Amino acid sequence: MPIITLPDGTELTYDAPVTALDVAGDIGARLAQQALGCKVDGVLSDLSTELAGDCSLSIVTPNNREGEPDPDALYLLRHSCAHVMAEAIQRVFEGVELVYGPPVDQGFYYDMAVPADRPVSSEDFEAIEKEMAAIIKEDRPFCRYEVAGAEGIGKLEDEGNKYKLDNAQRALEADSEASLSFYATGEPGKNWEDLCRGPHVPSTGRIGGFKVMSVASSYWHGDETSDNLTRIYGVAFYKKKELNRHLARLEEARKRDHRVIGRNMRLFHIDETVGQGLILWTPRGSVIRQELQDFIGEELRKQGYSQVFTPHIGKLDLYRTSGHFPYYRDSQYPPIIEPDALSALAEEGCSCSELANRLESGELNGYLLKPMNCPHHIKIFDSEPRSYKDLPVRLAEFGTVYRWEQSGEISGMTRVRGFTQDDAHLFCTEEQVAEEIMGCLSIVKTIFTTLGMEDYRVRVGLRDVDSTKYTGDASNWDKAEEACRAAASALDVPFSEEPGEAAFYGPKIDFVVKDVIGREWQLGTVQVDYNLPERFDLSYIGSDNKPHRPVMIHRAPFGSMERFVGVLIEHFAGSFPAWLSPEQVRVLPISEKSNDYAGEVHSALLGAGVRATLDESDERIQAKIKVGAEEKVPYLLIVGPRDAEKREVSVRARGIQDNLGAMPLDEFVEKMAQESSDRGATSVRSFFES
RNA sequence: GCCGCUGUAGCUCAGUCGGUAGAGCGCUUCCUUGGUAAGGAAGAGGUUCACGGGUUCGAUUCCCGUCAGCGGCUCCA
């Protein structure tokens, strides 16, 4: 006698087991018709799931109350579409073995092993889509059937697909009592089927809009030494219209892409003759970076940080001590060897592998482009005796570091080989750790708030309790983890605790944002470190007149200037607030006759430290406005004879169709300078709006 | 690094089934002196189609390699 509780609290009582579809039908015929799946006690399930006992049930329909696609519905739909795609691909291609095909954030993919002589390329998408359309048109039901573990294994062994067999074995390892489920697209034994946990939508016909998006490679189990697989991405929606909207959104997002805007607005340049992943900051982009650095510099001074400068390279031994070399050797530019040593090696005919050995063993020294700033900062800390009264010592530097990222991984400003961290290292006592973390986070919060970046995620990386890979003693770890947790809570934004995500030397707090394509990037980070003070044998004299080991905190609220500005370009879609804009004001004389007055306006602005330009081209004012608006200049000042006579300027603000009206020149200059110096808290346009 | 795709003027892109290349925007000059989202005209610009080989009478086009970009994978201090 199952009692089924609906989301609104209604209880339905049945004499015998029913399916979720039956229940949906009892609620309403239309609901049953629309239903794609259900949630039984919160677990997403097939609509055909039999409900034998008491449970809570909600029916999953394509759209939520707001009319937006329901995430659970999309999950079901996309998972189902992955099956449809896999079947289609197996029809188009001979000898394709399926591996794994889950739904993901932006759609779904299917990993498969394809014969080496017939790779899948984007030219095949049309044929695949055609087959998919046929399968969808047939509107075949997704039929689940279960077999006992051993029987399922036997069946998969007969079929001879090692990947699916492996999937099944893994499932049974997790729960040896479990049965294995298969989904046939149609009639089991007759139609195409796949080992699959489910759940799925009732039938293929529910997929209204779909598209094969891209092809990529992946590794089996994500292991690069394992088989190379072909991954095909697709996306599916309940309605064709939703698919089109999705595709249009992707198109829009591409316009916000920092690589596109960066080139159009001349913010940075990457030149292959300089090197892959090496950013050249152009004058306009440099303005943005400098403003941000000034901003953060002020915050640091408020918090008692000391500015330092250190060189871009250091001796190899330094990084042997820190552990960066050879532990991270594969992700560094190779060492620089001293000229004399190099000639000597050449003379004795030293081989490359011998060279590598000697570098590794320490027999041969050299220099390394610094992969991190901490060793240099540590040496500054250690350059004089420290008393507990000196702590915390906070050393800050916009320090440029170099890392040998894999070539395929490099992308715009977000993944580069040379970048400048807004780095700082705090050396403090055990007792000071919690407060210092708090201070670090408050800077991050200030920055994000000022820039209006509300959409970020906080990750607290904790140690894996079982693991032995961590340095430092357990009680310190406990304290540091608790401090991170407390600091993150105090931030007042959602955060997730992620065991096993700590660095080996201490727990950390990361700030993660998404780019326009939906990829996540880590920006700021705060990390507690017990390891480096140990390795460098750092100490301070405590109140007991005995040496003590300080704790280090690494922190970089922006992460790197390159990545941060890249993300910022997308955040603002190029429309930077006036204080960050490379060009804050453009003066547009109506005609040549007003050039003299326009020149005066221009000089007055420059004199007040405003970044202003003057458009003396002989275009008409309409054209000048159009161009100024397109180039996203925050303020356009139109000046003609009328304005000159009254010593006024006619103001146009970015994003507002109409002009705001006239304002005395002196007043505009003053307000503009104000808006710039207080980072947008006041604005010229608000003056007109009030 | 791996898989797939791409590389033609400063930018966006067309084109050549192998016979030495085009548009729009931008740029320069001239006309226009115009009050709020593009007035008009002329011209320059490709060491010849990323680079290096190969096939061919002939390659920007076909093949191979290299470099770079894009989408993923992997990695990420």
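No experiment lies behind these values; they were computed from the predicted model shown. Within every chain, numbering begins at 1; the chains are lettered A, B, ... in the order of the sequence lines, protein sequences first and strands thereafter.
The CG-P distance, from A:L280 to B:A68, rounds to 15 Å in whole Å. With rounding to whole Å, A:W404 atom CH2 is found 8 Å from B:G1 atom P. Atom CD of A:Q622 and atom P of B:G40 are 12 Å apart (whole Å). Between the CD atom of A:Q276 and the P atom of B:A50 there is a distance of 19 Å, given to the nearest Å. Atom pair A:I232:CD1 and B:G71:P shows a separation of 19 Å (rounding to whole Å applied).
Among the nucleotides B:U36, B:G4, B:C73, the one closest to the side chain of A:I638 is B:U36. You'll find that the side chain of A:E272 is closest to B:C67, out of B:C73, B:U36, B:C67. Comparing B:C11, B:C31, B:C3 by their nearest atom to the side chain of A:R263 picks out B:C11. Picking from B:A38, B:C5, B:U33 the nucleotide with the shortest atom distance to the side chain of A:S121 gives B:C5. Here B:C76 is the nucleotide among B:G71, B:C76, B:G72 with the atom lying nearest to any side-chain atom of A:R415. Relative to the side chain of A:A629, the nucleotides B:U33, B:G1, B:A37 differ in distance, and B:A37 lies closest. Closest contact between the side chain of A:Y219 and the listed nucleotides B:G4, B:G35, B:C73 involves B:C73. Picking from B:G34, B:A38, B:G72 the nucleotide with the shortest atom distance to the side chain of A:Y233 gives B:G72. Here B:C31 is the nucleotide among B:A37, B:C31, B:C3 with the atom lying nearest to any side-chain atom of A:D618.
In this model, the phosphate group of B:G71 is approached by a side-chain N or O of A:R259 to a distance below 4.0 Å at OP1 or OP2. For B:G72, one of the phosphate oxygens OP1 or OP2 lies less than 4.0 angstrom from a side-chain nitrogen or oxygen of A:R519. Applying the 4.0 Å criterion to OP1 and OP2 of B:G39, one finds that A:R620 has a side-chain N or O inside that range.
Of the P atoms belonging to B:U16 and B:U6, the separation is 15 Å, rounded to the nearest Å. Rounded to a whole angstrom, the distance from the P atom of B:G1 to that of B:G46 is 34 Å. B:G26 and B:C13 are spaced 14 Å apart, taking the C1' atom of each and rounding to whole Å. Spacing of C1' atoms, B:C49 relative to B:U8, comes out at 4 Å, to the nearest Å. One P atom belongs to B:G22, the other to B:G43, and the distance between them is 15 Å to the nearest Å. A distance of about 11 Å separates the P atoms of B:G19 and B:A59, rounded to the whole Å. Across the P atoms, B:C63 and B:U55 are found 16 Å apart, a figure rounded to whole Å. With P as the reference atom, B:A44 and B:U12 are 24 Å apart, rounded to whole Å.
Across all strands shown, A:V401 has no heavy atoms under 4.0 Å from either base or sugar-phosphate atoms. Note on A:Y109: nothing from the nucleic acid sits closer than 4.0 angstrom, heavy atoms only. Across all strands shown, A:A623 has heavy atoms under 4.0 Å from sugar-phosphate atoms exclusively, and none from any base. Within the 4.0 angstrom heavy-atom criterion, no nucleotide atom of any strand lies near A:G275. Backbone-only engagement by A:I410 is indicated by non-hydrogen atom pairs under 4.0 Å involving sugar-phosphate atoms exclusively. At the heavy-atom level, A:N228 lies under 4.0 Å from the strands shown only through sugar-phosphate atoms. As judged by a 4.0 angstrom heavy-atom cut-off over every strand, A:S407 is placed among the base-contacting residues. In this structure, A:G640 reaches the bases: a heavy-atom distance under 4.0 Å links it to at least one base atom across the strands shown.
Using cut-offs of 30° and 60° for the angle between ring planes, the A:F668 and A:Y635 rings count as perpendicular. Between A:H246 and A:F237, the angle of the ring planes lies from 30° to 60°, which puts this pair in the tilted group.
Under the Watson-Crick and G-U wobble criteria, each requiring two contacts below 3.5 Å, nucleotide B:U28 is paired to B:A42. The partner of B:C17 is absent, by the rule that a Watson-Crick or G-U pair needs both atom distances under 3.5 Å. If you check B:U56 for Watson-Crick or wobble pairing at under 3.5 angstrom, you find it has no partner at all. A 3.5 Å limit on both hydrogen-bonding distances identifies B:A23 as the Watson-Crick or G-U partner of B:U12. Applying the Watson-Crick and G-U wobble criteria (two distances, each under 3.5 Å), B:G4 pairs with B:C70. In a base pair of the Watson-Crick type (N1 to N3 plus N6-O4 or O6-N4) or a G-U wobble (N1-O2 and O6-N3), with each distance short of 3.5 Å, B:C75 is matched with no nucleotide. B:U61 makes up no base pair with any nucleotide shown, lacking Watson-Crick or G-U wobble contacts both under 3.5 Å. Pair check for B:G34 finds none; no Watson-Crick or G-U wobble contact set falls under 3.5 Å.
Taking the charged nitrogens against the carboxylate oxygens, A:K315 and A:D317 have no contact shorter than 4.0 Å, which rules out a salt bridge.
In terms of polar N and O atoms assigned as donor or acceptor, the side chain of A:D643 comes within less than 3.5 Å of the base of B:G35 in a complementary pairing. Residue side chain A:S217 reaches the base of B:C2 through a donor-acceptor N/O pair under 3.5 Å, judged by distance alone. For A:K626 and B:A37, a side-chain-to-base donor-acceptor distance below 3.5 Å is absent, hydrogens and geometry of angles not being considered.
Under the 3.5 Å distance criterion, with hydrogens and angles disregarded, a donor-acceptor pair is assigned to the side chains of A:S218 and A:D111. A donor-acceptor contact closer than 3.5 angstrom links the side chains of A:D271 and A:H269.
At least one donor-acceptor pair closer than 3.5 Å links the side chain of A:S560 to the backbone N or O of A:R563. Checked by atom type and distance alone, the side chain of A:Q90 pairs as donor or acceptor with a backbone atom of A:V96 at under 3.5 Å.
Around the OH atom of A:Y100, the shell of radius 6.0 Å holds no more than 12 heavy atoms that belong to other residues, nucleotides or ligands.
Residue A:S650 is the one, among A:Y402 and A:S650, whose nearest nucleotide of RNA chain B lies closer to the 5' end (criterion: closest heavy atom). Nearest-nucleotide positions on RNA chain B for A:E619 and A:Q332 put A:E619 closer to the 5' end.
Among the candidates A:H376, A:K370, A:H377, the single residue satisfying the side chain to side chain donor-acceptor pair (under 3.5 Å) test with A:N373 is A:K370.
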